[in-house]
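Encoded as structure tokens, the structure appears first; notes follow it.
Computation of the quantities below employed the complete heavy-atom set of this structure, encompassing side-chain atoms and omitting hydrogens, waters and symmetry-equivalent molecules.
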Amino acid sequence: MDHLTGLFNKFEFEDVVRRALEARPDERLGLMVLGIDDLRHINDRYDRGFGDDVIRIIAHRIQSALVGRAYVYRLDGDEFAVVVRGDDAATLPDVYQALHQAFRRQQTHEGKKFYCTLSAGCAQYPADAETYEDLVKFANYALEYAKAHGKKRRVPFSPSILAERSRTLELVERLRDSIEHDFEGFRLVFQPQVNAADGRVIGAEALARWSCDACGEVPPLEFIPLLEESGLIVPFGAWVLRCAMDTAARWRAWNPDFVMSVNLSYRQLDEAKLVPSIAEALAATGLPPANLVVEMTESCFASSSEAAQKLFVGVRALGVRIAMDDFGTGYAALGMLKQSPADIVKIDRTFVRDIRDSTFDATFIRFVVELCHDVGIRVCLEGVEVPEEYEAVSGMGLDSIQGFLFGRPCPPDEFERKFLGKG
């Protein structure tokens with residue numbers, strides 16, 4: 001028994017399911033694994049004791065929603081398993097829908113309000129899996145998929161989920177192998193940043209690319225999150241920073257004021273060695289701090305953590321400038337500017353796409369430029385792709401622009417020929 005909820009525990013769950021599959025191999029069996037979405041937020045707001053109360057409340061609600069030959073078990077942490085046998089396995093969607101309705105609004109317990117939702121992953125025997133191990137594994141894969149794609153939903157297992165999961169596992173191992181073999185398969189490309197007034201190249205953003213023999217070219221939107229989730233982003237980020245700084249130091253021969261921008265991941269903010277490593281790289285490459293900009297997303301600036309604030313102070317103390325990337329994409333961006341350590345704000349490309357027809361987008365850009373300039377922050381606009389867009393923003397007082405109109409990301413040798421005048 002699980003002492004917190006009074007439900008049968010994970011050991012009983014395994015025993016019951018294994019015996020059912022052995023004793024009645026021809027009988028259908030449905031499994032739904034339920035996970036509480038963001039229980040840690042409730043624990044943080046109140047305490048673990050209140051979080052345990054929420055787990056008990058949910059356990060009772062699940063029991064109340066069961067119909068037919070359905071049984072619920074408490075698994076680890078914030079997860080439950082619902083097992084339904086025979087034709088009653090078809091009731092799993094109804095069970096989840098009842099729970100979804102029950103928790104779609106804010107709840108009250110002992111005078112305290114809380115809000116939580118449930119995600120679920122389902123798998124069927126024998127349609128999806130023929131063994132206990134696969135049945136549980138596939139239900140958990142479906143739950144992970146549900147949580148990764150918006151939460152508060154029920155996702156049935158499908159071969160495509162397995163294929164995506166298998167690809168993820170393979171990519172993580174190949175990424176790890178690449179990093180351990182001196183970053184084999186990784187390379188940097190550079191997209192020019194230009195002076196907004198005259199289109200003159202003043203710097204570049206370093207962007208990572210990766211390919212391997214087995215998977216071919218893998219897009220950054222796929223491999224960067226895997227590096228972050230696995231923690232590999234820390235050694236990878238250090239490699240990117242060093243390579244980009246080496247390149248910038250070399251390109252100063254053609255343009256002494258050339259500025260290199262390098263992205264930092266939110267996972268790097270917690271690394272105590274980040275600021276010292278930047279300092280060491282500056283010394284080793286001979287790159288002046290004024291020629292380096294580190295870019296962080298709005299979410300990094302929204303963080304109130306001590307580590308993040310300490311990082312901002314440490315980076316600026318080196319003389320390196322900080323850029324707030326993807327500005328305007330979902331946080332209280334304007335409010336953050338009041339106490340932001342950003343030296344540069346990069347307005348996200350979503351405000352450029354409809355600039356010729358959207359009064360809001362044009363007004364937003366003008367307002368941000370004026371506000372930032374009043375407090376000494378420079379403004380870069382991303383995503384300018386056609387002459388008409390450039391014409392629409394040319395009178396807004398922007399400091400710099402980055403977009404396909406002025407150049408796509410390209411290898412260092414091509415960048416040197418196109419933008420630095422190297423013969």
Side-chain angles (χ1 to χ4, degrees), residues 1-25 27-103 107-110 112 114-125 128-129 131-144 146-147 152 154 157:
M1 298 291 294
D2 173 59
H3 296 295
L4 177 62
T5 62
L7 299 177
F8 286 119
N9 61 24
K10 61 181 181 180
F11 302 108
E12 183 71 9
F13 160 74
E14 179 177 353
D15 187 53
V16 166
V17 175
R18 285 189 183 278
R19 283 192 283 110
L21 298 184
E22 292 172 2
R24 291 173 292 278
E27 184 178 51
R28 183 181 175 189
L29 186 144
L31 170 62
M32 179 166 65
V33 178
L34 293 154
I36 305 174
D37 297 325
D38 300 321
L39 179 65
R40 62 185 179 85
H41 292 166
I42 296 174
N43 288 334
D44 290 343
R45 183 179 180 187
Y46 298 113
D47 53 46
R48 288 293 298 270
F50 188 83
D52 287 345
D53 287 344
V54 170
I55 291 175
R56 279 191 288 266
I57 291 169
I58 291 175
H60 176 72
R61 291 283 179 85
I62 295 174
Q63 282 184 304
S64 301
L66 300 182
V67 294
R69 290 187 293 168
Y71 306 89
V72 58
Y73 303 83
R74 167 90 188 281
L75 304 180
D76 290 320
D78 60 3
E79 293 187 356
F80 301 86
V82 174
V83 178
V84 188
R85 288 159 53 181
D87 293 337
D88 290 335
T91 65
L92 283 177
D94 297 329
V95 172
Y96 178 78
Q97 188 59 30
L99 295 170
H100 179 72
Q101 291 296 321
F103 288 100
Q107 312 286 312
T108 301
H109 175 65
E110 294 183 347
K112 300 176 181 178
F114 69 93
Y115 176 74
C116 70
T117 55
L118 297 175
S119 294
C122 298
Q124 304 277 343
Y125 167 87
D128 298 323
T131 66
Y132 165 82
E133 287 78 12
D134 283 347
L135 185 67
V136 173
K137 181 169 64 176
F138 293 166
N140 277 294
Y141 284 175
L143 173 61
E144 291 175 9
K147 285 182 173 288
K152 59 182 179 183
R154 180 190 67 87
F157 173 78

Sorted by first residue and then second, give each ring-ring contact (aromatic ring centres under 6.0 Å, His included) pair with at least one member in residues 72-102; sequence neighbours left out. F13-Y73, Y96-H100

Derivation and outcome, side chain to side chain contact (heavy atoms under 4.5 Å, CB included), residues L99 and L34: CA-CA 10 Å; L99 295 170; L34 293 154; 4.0 Å; yes

Separation between CZ (R61) and CZ (R56), nearest 0.5 Å, reads 14.5 Å

Show your reasoning for whether side chain to side chain contact (heavy atoms under 4.5 Å, CB included) applies to L118 and I36. CA-CA 5 Å; L118 297 175; I36 305 174; 3.8 Å; yes

Closest heavy-atom pair and its distance - L92, R154: O-CD, 4.4 Å

Can you list, pair by pair, the side-chain donor-acceptor contacts under 3.5 Å of residues 5-12, counting residues two or more places apart and other chains?
residue, atom, partner, partner atom, Å
T5, OG1, D2, OD2, 2.6
T5, OG1, L7, N, 3.2
N9, OD1, F11, N, 3.1
N9, OD1, E12, N, 3.1
K10, NZ, D76, OD1, 2.8
K10, NZ, D76, OD2, 3.3

Just jot down the side chain to side chain donor-acceptor pair (under 3.5 Å) partners of R48, sequence neighbours excluded, or say none. none

Y125 side-chain N/O to P25 backbone N/O, donor-acceptor pair under 3.5 Å: yes

For a quick test of reading the model, state the closest non-hydrogen atom pair linking G121 to A142 and the distance between them. CA-CB, 3.6 Å

Residue pairs passing the side chain to side chain donor-acceptor pair (under 3.5 Å) test where at least one lies in residues 78-92, sequence neighbours excluded: none

Should we count NZ of K152 as having more than 12 external heavy atoms under 6.0 Å? no

V82 side chain reached by L31 side chain, heavy atoms, under 4.5 Å: no

Are F50 and H109 near enough that their ring centres are under 6.0 Å apart? yes

How would you list, by chain and number, every residue that makes a salt bridge (Lys or Arg N to Asp or Glu O under 4.0 Å) with D134, sequence neighbours excluded? K137

Take M32 and V95, measure what side chain to side chain contact (heavy atoms under 4.5 Å, CB included) needs, and give me the verdict at the end. CA-CA 10 Å; M32 179 166 65; V95 172; 3.9 Å; yes

Search all heavy atoms of G35 against all heavy atoms of L143 and return the closest pair with its distance. N-CD1, 4.0 Å

Shortest non-hydrogen separation from G51 to N43 and the atoms involved: CA-OD1, 3.2 Å

What residues, two or more places apart in sequence or in another chain, satisfy side chain to side chain contact (heavy atoms under 4.5 Å, CB included) together with R28? A89, A90, Q124

Can you name the salt bridge (Lys or Arg N to Asp or Glu O under 4.0 Å) partners of R40, sequence neighbours left out? none

Output, in order, the C-alpha distance, side-chain angles, deciding distance and verdict of side chain to side chain contact (heavy atoms under 4.5 Å, CB included) for D37 and F103. CA-CA 11 Å; D37 297 325; F103 288 100; over 6 Å; no

What distance separates T117 OG1 from L39 CG, expressed to the nearest 0.5 Å? 11.0 Å

Excluding sequence neighbours, so at least two apart, what forms side chain to side chain contact (heavy atoms under 4.5 Å, CB included) with A123? D128, L135, F138, A139, F157

Can you tell if the side chain of V54 reaches within under 4.5 Å of the side chain of F114, non-hydrogen atoms only? yes

Those residues at least two apart in sequence (or on a different chain) that pass side chain to side chain contact (heavy atoms under 4.5 Å, CB included) with E110 are D53

How far does OH of Y115 sit from NE2 of H41, to the nearest 0.5 angstrom? 13.0 Å

With a 4.5 Å limit on heavy-atom distance, are the side chains of M1 and R74 in contact? no

Under the salt bridge (Lys or Arg N to Asp or Glu O under 4.0 Å) rule, collect the residues that match up with D47, sequence neighbours excluded. none

CD1 of I42 to CG of D52, rounded to nearest 0.5 Å, is 11.5 Å

Could you list the residues that satisfy salt bridge (Lys or Arg N to Asp or Glu O under 4.0 Å) with D44, not counting sequence neighbours? none

Compile the donor-acceptor pairs under 3.5 Å between side chains in residues 62-70 and protein atoms, sequence neighbours left out, one pair per line.
residue, atom, partner, partner atom, Å
S64, OG, H60, O, 3.0
R69, NH1, E27, OE2, 3.1
R69, NH2, E27, OE2, 3.1

